[in-house]
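Because the structure is a prediction, the values reported are computed rather than measured. In this chain, numbering begins with 1 at the start of the sequence shown.
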Amino acid sequence: MTGAWNAGRIGALLGLLAAGVVVGVAGWLVVDLWFPGGLALALLALFGLFLGGRIALGTGIGVGAATGGWFLSYVILGVPRPEGDFLLGSSGISMYVYLLGGVVLAVMCATMSLPEDRPLSAARNAK
């Protein structure tokens, strides 16, 4: 493959997807375990993952891969099983705050401009 989609970039995207799954499962576990500190810890981990994906790939696609893995784990853990119970249940509004906070962080990181993305200043240098 040539161009922007080389093997290293695809590997990084798959790594971010896997990291999103791991952070999503860990976040699901700690949100209710140590409320409100667990919620803050889970959101901080998401922010680090999303920002790291943005910086590593230089575009929002890195955030998208990490968000996809995180949301995939969230859905898999939250969907009821055929027996009627959940794999991991939530016991309050903290899971909704975790979901909404994660989405807000993903959008923030995907749309932010990094220092190398900013245009040069039109102001002249002082002499």
Side-chain angles (χ1 to χ4, degrees):
M1 262 185 193
T2 61
W5 292 100
N6 57 19
R9 189 174 190 96
I10 293 172
L13 288 171
L14 291 175
L16 285 167
L17 184 74
V21 169
V22 170
V23 170
V25 170
W28 186 288
L29 292 172
V30 301
V31 163
D32 281 337
L33 187 61
W34 300 310
F35 187 78
L39 177 61
L41 183 65
L43 289 174
L44 190 62
L46 281 178
F47 180 67
L49 175 67
F50 297 157
L51 185 61
R54 174 76 168 116
I55 291 171
L57 293 179
T59 64
I61 193 74
V63 180
T67 304
W70 166 69
F71 193 71
L72 180 67
S73 70
Y74 192 92
V75 168
I76 288 173
L77 293 174
V79 171
R81 297 181 358 183
E83 296 85 19
D85 57 348
F86 293 92
L87 188 60
L88 288 175
S90 82
S91 62
I93 198 162
S94 60
M95 291 312 296
Y96 294 111
V97 173
Y98 178 55
L99 178 63
L100 181 64
V103 170
V104 168
L105 290 173
V107 169
M108 274 181 19
C109 290
T111 59
M112 69 188 305
S113 65
L114 297 175
E116 62 268 6
D117 294 341
R118 293 188 186 138
L120 296 174
S121 173
R124 293 190 302 173
N125 292 335
K127 292 184 181 181

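- Side chain of Arg9 to main chain of Leu13: no donor-acceptor pair is present (N/O by atom type, distance under 3.5 Å, no hydrogens or angles).
- Distance check, rounded to the nearest 0.5 Å: CG of Leu51 to CG of Leu46 gives 12.0 Å.
- Of all heavy-atom pairs between Ser73 and Gly24, the closest is OG-CA, 3.3 Å.
- Scanning all heavy atoms of the two residues, the minimum distance from Met95 to Tyr74 falls at O-OH, 2.9 Å.
- Linking Ile, Leu, Val, Met, Phe, Trp and Tyr whenever their side-chain heavy atoms come within less than 4.5 Å puts Met112 and Leu105 in one cluster.
- Between Trp28 and Ile76 there is no side-chain heavy-atom pair separated by less than 4.5 Å.
- Among all heavy-atom pairs drawn from Val63 and Ala106, the shortest one is CG1-O, 3.4 Å.
- When all heavy atoms of Trp70 and Val103 are compared, the closest pair comes out as CH2-N, 3.8 Å.
- The minimum heavy-atom distance between Leu57 and Gly62, with the atom names listed, is CD1-CA, 3.5 Å.
- Linking ILVMFWY side-chain heavy atoms closer than 4.5 Å, directly or via other members, places Leu17 and Val22 in two distinct hydrophobic clusters.
- No continuous path of ILVMFWY side-chain contacts below 4.5 Å connects Leu100 to Leu44, so the two sit in separate hydrophobic clusters.
- Tyr98 approaches Ala42 most closely through the heavy-atom pair CE1-CB, 3.6 Å.
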